[in-house]
Amino acid sequence: MVDSSIIQMAPSIKCRHVAVIGAGAAGLVAARELRREGHSVVVFERQNQVGGTWIYTDHVEQDPLSVDPTRPIVHSSVYHSLRTNLPRECMGFIDFPFVIRPGKSRDPRRFPSHGEVVAYLQDFAEEFAVEEMIRFETTVERVSPAEESDGEGGITKWRIEFTEKEEKVRRQELYDAVVVCNGHYIEPRLADIPGISSWPGKEMHSHNYRIPEPFKEQVVVLIGSSASAVDISRDIAGVAKEVHVASWSNAADTFIKQNGHTNLWVHSMIERVHEDGSVVFQNGKTILAHVIMHCTGYKYHFPFLETNGSVTVNDNCVGPLYKHIFSPAFAPSLSFVGITWKVLPFHLFELQSKWIAGVLSGRITLPSKEDMMVEIKTEYATLEAQGIPKRYTHCLGISQFEYFDGLASQCGCSGTEKWRKEMCLTSFMRVMKHPETYRDEWEDHHLVSQAYQDFSLYSSL
């Protein structure tokens with residue numbers, strides 16, 4: 001189906017030739033919104049299908065702790081048992097809800113599997129004819145400013161260098177703007193563990209976890225407190241001898257046996273490991289372990305992007321970025337979708353993409369470069385004064401809704417629905433209180449009813 005929402009271009013509106021890097025959820029909705037605004041769009045995707053990080057693969061990195069740039073990169077961090085940790089109603093795009101759709105291989109559960117998310121994204125790409133804009137199996141090797149200027153110090157063209165499929169020869173093309181949607185779940189971040197260089201056990205990152213069977217009868221230590229650590233610890237506990245979860249966010253004396261499990265404990269952080277295979281926690285407990293798994297998140301990674309230092313990654317803060325999106329040095333021609341975390345991701349991608357599309361067409365005006373930098377520096381100073389580490393710059397959490405409503409106001413569209421906000425917050429609380437059952441037991445039926453009332457406005461359902 002061809003998207004019929006493409007705007008009629010007014011004489012003052014600019015039509016840009018835009019490169020989108022990545023065809024995951026962010027890249028797909030960015031492409032749709034850019035074309036709706038009247039831009040010409042090419043999406044570069046190194047895999048052979050849409051879906052990005054949601055695509056499951058049995059393949060893992062040869063190095064269990066890092067990504068080898070000389071070998072084909074494993075993009076997926078999805079494990080076999082993974083289900084969403086948000087209900088489908090608040091995950092979907094505004095005018096293409098994530099409802100239950102017919103099909104033999106579809107997952108009707110409210111917190112569905114990774115395969116159902118990929119199917120939803122495939123449906124989205126088909127509904128809005130996004131695939132016709134995508135060059136699959138095409139790897140972006142380098143993105144750099146072209147030797148052209150708009151007379152005001154800004155860049156008017158970007159050079160994209162890329163290789164297609166198995167070809168070794170690089171090709172290049174020029175674009176008016178680049179929207180980076182390559183995700184941030186590929187390059188692992190690791191915890192610093194004293195003594196780890198001489199510890200004899202296996203060390204790995206959750207990026208390379210797929211199934212629990214390899215951990216049968218082993219003693220496994222996981223580091224982390226977010227969704228992957230919660231899920232994987234319970235997945236492994238079904239086959240492992242013991243599972244111990246350590247985290248910096250736990251008090252130094254933490255030692256808790258998890259309800260519903262005979263072999264799962266939560267600890268404070270690891271204090272040190274030793275040559276004899278022992279792991280010592282800050283709570284004073286010591287165990288002999290076979291495996292330490294880092295469920296410690298990922299680094300922002302843009303190996304293809306050359307900006308002469310105008311955009312850097314420092315302590316996992318990408319910057320400087322105005323509203324986590326635009327580089328003041330290159331605005332509006334260089335932007336990023338999906339940098340922020342602890343958010344409703346697809347909703348974030350959609351609103352950010354609407355804003356980018358409107359700014360590129362000239363329908364929405366950005367502040368001056370100087371004013372953007374003042375706001376960015378003020379934000380950095382505020383975080384520092386509050387004692388928030390730089391690596392949390394892009395963590396929104398509860399402030400995401402104010403951020404969403406600000407974007408919506410800029411775009412001239414409605415803010416986040418009240419039911420979506422309440423459903424997100426309710427789900428977050430249930431994850432904390434009921435990690436074993438929140439996906440299959442819930443009490444927000446009234447919010448589901450409100451969501452489906454809104455969904456009924458869209459004729460495709």
Side-chain angles (χ1 to χ4, degrees), residues 77-79 81-91 109-114 117 185 189 191 206 209 220-238 243-269 281-283 293-298 340-348 386-389 391-392 394-404 416 418-448 451:
S77 298
V78 168
Y79 35 96
S81 65
L82 184 140
R83 293 170 62 186
T84 66
N85 60 1
L86 287 167
R88 64 195 306 149
E89 296 87 12
C90 65
M91 276 188 68
R109 291 176 296 181
R110 194 172 176 217
F111 291 76
S113 67
H114 49 81
V117 180
Y185 296 101
R189 292 181 68 228
S206 58
Y209 175 76
V220 182
V221 177
L222 289 83
I223 303 173
S225 58
S226 295
S228 61
V230 173
D231 281 353
I232 295 172
S233 63
R234 285 154 175 79
D235 210 19
I236 290 177
V243 179
H244 301 263
V245 183
S247 173
W248 281 113
S249 62
N250 295 334
D253 60 350
T254 299
F255 182 62
I256 303 169
K257 190 170 186 178
Q258 288 294 287
N259 292 332
H261 297 273
T262 60
N263 61 343
L264 177 56
W265 293 267
V266 174
H267 297 258
S268 49
M269 187 51 186
F281 299 93
Q282 291 178 347
N283 59 18
M293 185 186 303
H294 297 256
C295 303
T296 43
Y298 298 84
T340 54
W341 49 284
K342 282 201 174 179
V343 294
L344 290 172
F346 293 8
H347 191 56
L348 167 84
Q386 294 173 346
I388 298 174
R391 63 183 178 275
Y392 289 99
H394 305 300
C395 177
L396 294 188
I398 191 66
S399 67
Q400 65 181 296
F401 300 115
E402 180 182 356
Y403 177 77
F404 293 162
T416 304
K418 183 178 179 181
W419 63 260
R420 196 185 298 261
K421 295 177 182 179
E422 291 185 18
M423 188 179 290
C424 175
L425 294 173
T426 299
S427 297
F428 175 76
M429 295 304 297
R430 286 194 60 78
V431 171
M432 298 295 101
K433 293 181 179 179
H434 307 285
E436 310 286 346
T437 60
Y438 75 92
R439 290 184 173 97
D440 298 302
E441 298 176 7
W442 54 86
E443 299 171 350
D444 59 346
H445 302 284
H446 63 294
L447 297 177
V448 176

(request) State, without any angle test, whether Ser228 and Tyr209 hold a side-chain donor-acceptor pair at a distance under 3.5 Å. (result) no
(request) For the residue pair Ser81 and Asp235, confirm or rule out a side-chain donor-acceptor distance under 3.5 Å. (result)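 Yes, side-chain donor-acceptor contact under 3.5 Å.
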Of the non-hydrogen atoms in [X] and [Y], which two are nearest, and what is the gap between them?
X      : Y      : answer
Ala237 : Asn263 : O-ND2, 2.9 Å
Met269 : Ala191 : CE-CB, 4.0 Å
Ala227 : Tyr79  : O-OH, 4.2 Å
Val245 : Ser233 : CG2-CB, 3.6 Å
Asn250 : Thr254 : CB-OG1, 3.5 Å
Met293 : Ile236 : CE-CD1, 3.8 Å

Rounded distance (nearest 0.5 Å) linking atom [atom1] of [X] with atom [atom2] of [Y]:
X      : Y      : atom1 : atom2 : answer
Tyr298 : Arg189 : OH    : CZ    : 11.5 Å
Glu422 : Thr416 : CD    : OG1   : 12.5 Å
Ile256 : His267 : CD1   : NE2   : 10.0 Å
Ile223 : Ser206 : CD1   : OG    : 11.0 Å
Arg420 : Glu89  : CZ    : CD    : 10.0 Å
Leu86  : Ser427 : CG    : OG    : 6.0 Å

(request) Return the orientation label for the His244 and Trp265 ring planes: parallel under 30°, perpendicular over 60°, tilted otherwise. (result) parallel
(request) Specify whether Phe404 and Phe401 have parallel, tilted or perpendicular ring planes, treating 30° as the upper limit for parallel and 60° as the lower limit for perpendicular. (result) perpendicular
(request) List for me each residue that meets salt bridge (charged side-chain N to carboxylate O under 4.0 Å, His left out) alongside Asp440, sequence neighbours excluded, and say none if there are none. (result)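 Expected list: Arg83.
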Is it the case that the side chain of [X] and the backbone of [Y] share a donor-acceptor pair, with hydrogens and angles ignored and the cut-off at 3.5 Å?
X      : Y      : answer
Glu441 : Tyr438 : no
Ser268 : Asn283 : yes
Ser225 : Ser249 : no
Arg110 : Pro87  : no

Given side chains that start at C-beta, do those of [X] and [Y] come closer than 4.5 Å, heavy atoms only?
X      : Y      : result
Gln400 : His347 : no
Arg439 : Asn85  : yes
Gln282 : Trp248 : yes
Val221 : Phe281 : yes
Arg109 : Ser113 : yes

Counting only heavy atoms not in [X] (residues, nucleotides, ligands), do more than 12 fall under 6.0 Å from its [atom1]?
X      : atom1 : result
Glu436 : CD    : yes
Phe428 : CZ    : no
Phe111 : CZ    : yes

(message) Quick one, Tyr403 with Leu348, criterion side chain to side chain contact (heavy atoms under 4.5 Å, CB included). Give me CA distance, side-chain angles, the key distance, then yes/no.
(response) CA-CA 9 Å; Tyr403 177 77; Leu348 167 84; 3.6 Å; yes
